Amino acid sequence: MTQHIEVLPDKTALVDRSVALIVEKIQTAIAQRGICTIALSGGSTPKPIYEAISRHDLPWDKLHVFWGDERYVSPDHPDSNQRMAREAWLDQVSIPPENIHPMPTGSQDPQTDADRYDQQLQQFFKLESDRFPCFDIMLLGMGDDGHTASLFPHTEALEICDRRVTVGNKDGDPRITLTVPVINLSRTILFAIAGENKQGALAHVLAPEGDEHTYPSRLIQPVEGEIWWLLDAGAGAKVTATSA
């Protein structure tokens with residue numbers, strides 16, 4: 001595993017660095033494999049990142065967009081991760097509709113929709129039933145409780161290692177989320193984290209030893225890929241920048 005930690009002066013610098021890195025990884029994946037697969041995150045930090053990416057001239061027909069997690073709401077709901085990404089980025093560029101792969105949330109049964117997305121991943125990546133996909137880019141955020149995607153502290157989703165997609169639990173509300181093994185197989189994992197309220201969780205997540213069930217972001221350890229922690233000054237005030 002190759003890990004990079006960068007502390008940027010402010011949120012604007014965090015967004016600029018995230019965009020530059022994502023664009024570089026998109027171009028590299030397309031040059032090497034002909035397409036790029038990327039899994040998006042929700043939350044407030046990614047929105048300006050998506051808006052900035054939409055202003056780049058990229059071969060959109062070679063980009064396939066997935067989601068790392070989704071709130072269990074309709075696609076037009078204000079809390080929908082899909083809606084935010086479409087408004088900020090995907091609706092602003094000429095990406096083919098068939099290249100957009102949102103998590104389904106319409107069956108009224110979260111497990112049914114999780115299974116459906118699991119099957120979609122299996123078909124797209126042409127996988128045997130027990131194999132996991134390898135995304136080129138996995139974008140992640142982190143909450144002040146140390147959760148990432150919809151992998152919340154002390155929830156059953158943290159234990160799921162035999163499926164690609166499962167049901168997360170946020171204070172009783174279901175979410176759809178990629179599982180830890182899927183995230184860890186990604187070629188590039190990028191955390192973009194802003195805000196002083198993340199300092200406490202980050203100290204536990206980046207410590208040499210700790211409790212993965214209390215701070216689930218500790219579970220994110222790429223198997224063969226690289227992981228980038230891009231932090232603004234508020235989040236990274238007590239973190240030492242490294243590259244190893």
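What you see is a predicted model, and the numbers here were worked out from it, not measured in a lab.
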Worksheet entry | Under 3.5 Å side-chain donor-acceptor pair for Asp113 and Thr105 | no

Worksheet item: Should the pair His204 and Tyr215 be assigned to parallel (<30°), tilted (30 to 60°) or perpendicular (>60°) ring geometry?
Response: parallel

Discussion item. Using every non-hydrogen atom in the two residues, find where Leu151 and His147 come nearest and quote the distance to one decimal.
Written reply: O-CB, 3.2 Å

Worksheet item: Taking the side chain from Asp232 and the backbone from Gly195, do they hold a donor-acceptor pair closer than 3.5 Å?
Response: yes

Worksheet item: Are Val182 and Pro133 side-chain neighbours, meaning at least one heavy-atom pair lies under 4.5 Å?
Response: yes

Worksheet item: How far does OG1 of Thr37 sit from CZ of Phe66, to the nearest 0.5 angstrom?
Response: 6.5 Å

Practice prompt. Evaluate the side-chain proximity of Tyr50 to Leu139: yes if any heavy-atom separation is below 4.5 Å, no if none is.
Written response: yes

Worksheet item: With a 4.5 Å limit on heavy-atom distance, are the side chains of Ile38 and Leu40 in contact?
Response: yes

Practice prompt. Answer yes or no: is there an ion pair linking Arg164 with Asp118, defined by an N-O contact shorter than 4.0 Å?
Written response: yes

Worksheet item: Would you say the side-chain atoms of Thr179 pair up with the backbone N or O of Arg163, donor to acceptor, closer than 3.5 Å?
Response: yes

Worksheet item: Are the side chain of Glu70 and the backbone of Gln82 linked by a donor-acceptor contact shorter than 3.5 Å?
Response: yes

Item to complete: Could you tell me whether the side chain of Val205 reaches within less than 4.5 Å of the side chain of Thr148, counting heavy atoms only?
Response: no

Practice prompt. Say whether Met103 and Phe152 are linked into one hydrophobic cluster, either directly or through other cluster members, by side-chain heavy-atom distances under 4.5 angstrom.
Written response: no

Discussion item. Within the 4.5 Å heavy-atom criterion, are Leu202 and Met142 side-chain neighbours or not?
Written reply: yes

Worksheet entry | Modelled atom types, side-chain donor and acceptor of Ser74 and Asp76, under 3.5 Å | yes

Worksheet item: Hey, what do you get for CG (Leu14) to CD1 (Ile193), rounding to the nearest 0.5 Å?
Response: 9.0 Å

Worksheet entry | Common cluster, Ile160/Leu158, ILVMFWY with side-chain heavy-atom separation under 4.5 Å | no

Discussion item. Within the structure provided, determine whether Val239 and Ile5 are in side-chain contact (heavy-atom separation under 4.5 Å).
Written reply: yes

Worksheet item: Knowing that exactly one of Asp173, Thr166, Thr177, Asp69 qualifies, which makes a side-chain hydrogen bond (donor to acceptor under 3.5 Å, both in side chains) with Ser150?
Response: Asp69

Item to complete: Using distance alone, with no hydrogens and no angle criterion, decide if Gln111 and Asp115 have a side-chain donor and acceptor under 3.5 Å apart.
Response: yes

Fill in: Ring centroid separation Phe124 to Tyr117 under 6.0 Å
no

Practice prompt. Would you mind reporting whether Ser41 and Asn81 have side-chain heavy atoms less than 4.5 Å apart?
Written response: no

Worksheet item: Is Phe132 close to Leu178 at the side-chain level, that is, under 4.5 Å between some pair of heavy atoms?
Response: no

Practice prompt. Indicate the ring-plane relationship of Trp229 and Phe191, choosing parallel, tilted or perpendicular according to the 30° and 60° boundaries.
Written response: parallel

